[in-house]
Amino acid sequence: MKLFAFGLMIVCLHALPYFVLGEDAHMRVHDNLDSNIAWYRVLVKSGELFGSVHATIPQVINGLPRNAYGTEFSGIVWLHALFPSVYAYGLSQLITRVFAFIGMYALLNTHVIKEKEKTAEWIRVGVALAFALTPFWPSGMLSTLGMPLALWALLNIRAGDRSLKNYVVLTLLPLYSSFVLGFFFFLSAMFLFWIVDAWRRRPNIPLLLALVYMTVLYLAVEYRLVHSFLFSTEPTSRDEYFHARLSLWRSLRLTLKNYIFGHTHVMTIHTLIILPVTFIALYIVWKKKWWRNERLFWQLHVLNVALSLWYAFWFYKGWLPATEAFPFLDRFNFARYHFLRPMVIYVLFALSLRIIWRAWDRRIVSFALLAQLVVALLFHEQIVYRDKPTFRAFYAEKQFQDMKQYIGKPVHTYRVVSIGIHPAIAQYNGFYTLDTYNNFYPLSYKHQFRQVIASELNKNKKLKEYFDEWGGRCYVFVAELGKRYMFTKQSKKRIRHMQLHTDVLYDMGGRYVLSAVPIDNAKKNRLKLLRTFEHDESAWTIYLYEIERSETT
């Protein structure tokens, strides 16, 4: 227990910088600062936290459907409702990593590494700690890192354990994880496991009931998602999502890339240490002919490859006939079965270390664990994103407050768009925006907004494809800037040949453009530079342009 307590202490220390540094902490921008953190703030301040399934958020795109912000029964939403954003973020990191550690340790201790020797305990604690320190996608919460805990409870039930603790786990996890970003794939895989298990042995009714219970809970918690998917008749931006584009060769390359390096939303940081260790263990199993005794080990190897193969080939253009026949295949990202890989890889790591310990020397096990923990610590956000803006510099609240005061009108009476910075920054600071980044929004709005940027999209094939075939980032794209949304005040970039249809922006209520770079041909776009805003605490220089009314508007 001393070793376990030490591991738990390391997990807690890992989250300490968010509370010590506060808004001067560094953190991930992609799918985090540029979206989710601002979403929570907008939702809480909108007064629609418990809004109906038909409610809208007027601050975003003249009425973003409330359902686009997900359920109010999510734990991370309540953290952001009760605490300042940066501390809510730190608390979420702490909660997620603590239960990831406990869950992986419990799974290994009860069902995988059962030996009582001290080396076995080092493996259990070391692998659980390394797993808990992986750089998971922050707003996913326990969507992937909670899978070992869920699997532990379900395997307990399968083995005949009817303890209350198992059902407490299955009840609470849906409140601190996402169904579509993790547990849909876990539960569907577990239903498949149950079918195979029932065919090989006998139907395990308590396990089936536990799976049904957890699934029903998720559907209840995610009732907004269920309503949007099953009952909403208005087309959304997801209806134009197109995924089947890759050739056979590119799909094979993506398989290899995912297998070796992983994915940004489920970073397993397994390349340097874990991958070689698993291959060494595979060699030992082959050399000593331990296939029968190490069945779970080689089965996880096969599963690991299969998950990368499935992920990559979900984007293979051979799917096109199926997606045309069944449009829901485009609306839902079934590639995310690879979200199972963090759990698979770290259980495989533990089994590999046990094989090496038995065949060779426990010192190799200690070295591998220590090396992986060093790798995990080096992937801390404060290190990886040290060259990115801090939380304070990114959201630049004082600078945006200066802009509000300069404009001098109630924010709900005008709309703004951003160029060269994420619109989430303006949203976080209370501005009403015509641009946004969301999982879905009305398709009619996407087509309306496209008129604003049509000429710019025609200049850049990649931008056109990016917007037309996805459109989650409903941004003011400028061909000269490409897919770059973070031009800090150190940037020397200028826009020289922009062609926006600002008359459409004006008709939509747009009155101001917040640009992180100067626009040389502003006048041709009916934009008038009002003032340039700078602040010591901000990462940006903001050029405030007013959209002038055209004669034909």
Side-chain angles (χ1 to χ4, degrees), residues 34-35 38-39 42 57-64 237 394-396 399-400 403-404 406-407 409-438 441-442 444-457 460 463 466-467 471-487 493 495 498-533 540-550 553:
D34 69 350
S35 48
W39 296 352
V42 169
I57 309 293
Q59 186 184 340
V60 183
I61 65 169
N62 286 328
L64 178 73
S237 56
F394 184 87
Y395 285 121
Q399 184 182 29
F400 276 73
M403 273 188 283
K404 280 184 190 176
Y406 176 82
I407 292 171
K409 295 183 286 188
V411 289
H412 69 275
T413 62
Y414 60 90
R415 304 292 183 269
V416 304
V417 293
S418 300
I419 295 177
I421 54 171
H422 296 283
I425 300 171
Q427 291 171 3
Y428 185 90
N429 285 286
F431 283 94
Y432 282 56
T433 72
L434 295 175
D435 47 355
T436 193
Y437 175 20
N438 285 102
Y441 55 93
S444 58
Y445 187 86
K446 178 184 174 183
H447 291 166
Q448 183 184 21
F449 192 86
R450 192 189 189 284
Q451 298 175 42
V452 177
I453 57 176
S455 297
E456 291 299 307
L457 295 182
N460 189 313
L463 281 181
Y466 185 64
F467 184 82
R473 291 191 189 273
C474 188
Y475 283 19
V476 178
F477 288 111
V478 178
E480 294 172 66
L481 303 184
K483 285 170 60 177
R484 293 181 60 196
Y485 329 114
M486 284 180 53
F487 290 87
K493 185 70 177 178
I495 296 175
M498 186 174 73
Q499 291 178 276
L500 293 184
H501 297 274
T502 50
D503 53 330
V504 179
L505 267 182
Y506 194 93
D507 290 342
M508 294 169 70
R511 294 297 180 267
Y512 301 98
V513 172
L514 316 180
S515 180
V517 295
I519 304 172
D520 290 349
N521 66 336
K523 189 174 182 180
K524 289 186 177 181
N525 288 273
R526 295 193 177 91
L527 298 176
K528 177 184 178 182
L529 179 63
L530 298 180
R531 184 175 166 183
T532 301
F533 290 85
W540 328 106
T541 295
I542 303 297
Y543 300 86
L544 178 64
Y545 292 92
E546 184 178 23
I547 303 172
E548 296 184 312
R549 183 185 182 94
S550 68
T553 298

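All residue numbers refer to positions in the sequence shown, counting from 1. For the numbers below, each heavy atom of this structure counts, side chains included, while hydrogens, waters and symmetry mates do not.
- In this structure a side-chain-to-backbone donor-acceptor pair under 3.5 Å is missing from R511 to I547.
- The two atoms that bring Y475 and D435 nearest to each other are CA-CB, 4.3 Å, heavy atoms only.
- No side-chain heavy atom of F431 sits under 4.5 Å from any side-chain heavy atom of S418.
- In terms of heavy-atom proximity, L514 sits nearest to A426 at CD1-CB, 4.1 Å.
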Dump the intermediate steps for side chain to side chain contact (heavy atoms under 4.5 Å, CB included) on K493 and L481, then the final yes or no.
-> CA-CA 9 Å; K493 185 70 177 178; L481 303 184; 3.8 Å; yes
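- Taking the side-chain hydrogen bond (donor to acceptor under 3.5 Å, both in side chains) definition, one finds that S35 meets it with nothing, sequence neighbours left out.
- Side-chain atoms of Q427 do not come within 3.5 Å of backbone N or O of Y432 as any donor-acceptor pair.
- Pairing each heavy atom of Y512 with each of K409, the nearest pair is OH-NZ, 3.1 Å.
- Between the side chain of N521 and the main chain of K524, no donor-acceptor pair closer than 3.5 Å is present.
- Here the side chain of W540 pairs no donor or acceptor atom with the backbone of F533 at under 3.5 angstrom.
- Checking side-chain atoms of Y545 against main-chain N and O of I519 turns up a donor-acceptor pair under 3.5 Å.
- Every side-chain hydrogen bond (donor to acceptor under 3.5 Å, both in side chains) that N62 has, sequence neighbours left out, goes to R415.
- Smallest separation of non-hydrogen atoms from V417 and L505: CG1-CD2, 3.8 Å.
- The distance from the CG atom of D503 to the CD atom of E548 is 13.0 Å, given to the nearest 0.5 Å.
- Between F394 and Y428, the gap from one ring centroid to the other reaches at least 6.0 Å.
- Atom NE2 of H422 sits about 9.5 Å away from atom OH of Y395, to the nearest 0.5 Å.
- Atom NZ of K528 sits in a sparse spot, with 12 or fewer heavy atoms from other residues, nucleotides or ligands closer than 6.0 Å.
- Note: L544 CG to L529 CG = 7.5 Å, rounded to the nearest 0.5 Å.
- E456 contributes a side-chain N or O that, together with a main-chain N or O of A479, makes up a donor-acceptor pair within less than 3.5 Å.
- Rounding to the nearest 0.5 angstrom, the gap separating the OG1 atom in T436 from the CD atom in Q59 is 9.5 Å.
- For the pair S515/V476, no side-chain contact is recorded, criterion being any heavy-atom separation below 4.5 Å from C-beta on.
- Taking each heavy atom of Q451 and H501 in turn, the nearest pair found is O-CD2, 3.0 Å.
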Evaluate the criterion side chain to side chain contact (heavy atoms under 4.5 Å, CB included) for residue pair I542 and T532; output intermediate values, then yes/no.
-> CA-CA 6 Å; I542 303 297; T532 301; over 6 Å; no
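- The line from CZ of F487 to CD1 of I419 is 11.0 Å long, rounded to the nearest 0.5 Å.
- Between atom CD of residue E546 and atom OG1 of residue T502 there is a gap of 11.5 Å, rounded to the nearest 0.5 Å.
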After noting the C-alpha distance and the side-chain angles of Y485 and K483, does the key distance pass the side chain to side chain contact (heavy atoms under 4.5 Å, CB included) rule?
-> CA-CA 7 Å; Y485 329 114; K483 285 170 60 177; 3.7 Å; yes
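- Annotation for R473 and D34: closest pair NH2-OD2, 3.0 Å, computed over non-hydrogen atoms.
- Annotation: side chain of V517 is not in contact with side chain of V478 (no heavy-atom distance under 4.5 Å).
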Can you check side chain to side chain contact (heavy atoms under 4.5 Å, CB included) on L64 and V42, steps first, answer last?
-> CA-CA 11 Å; L64 178 73; V42 169; over 6 Å; no
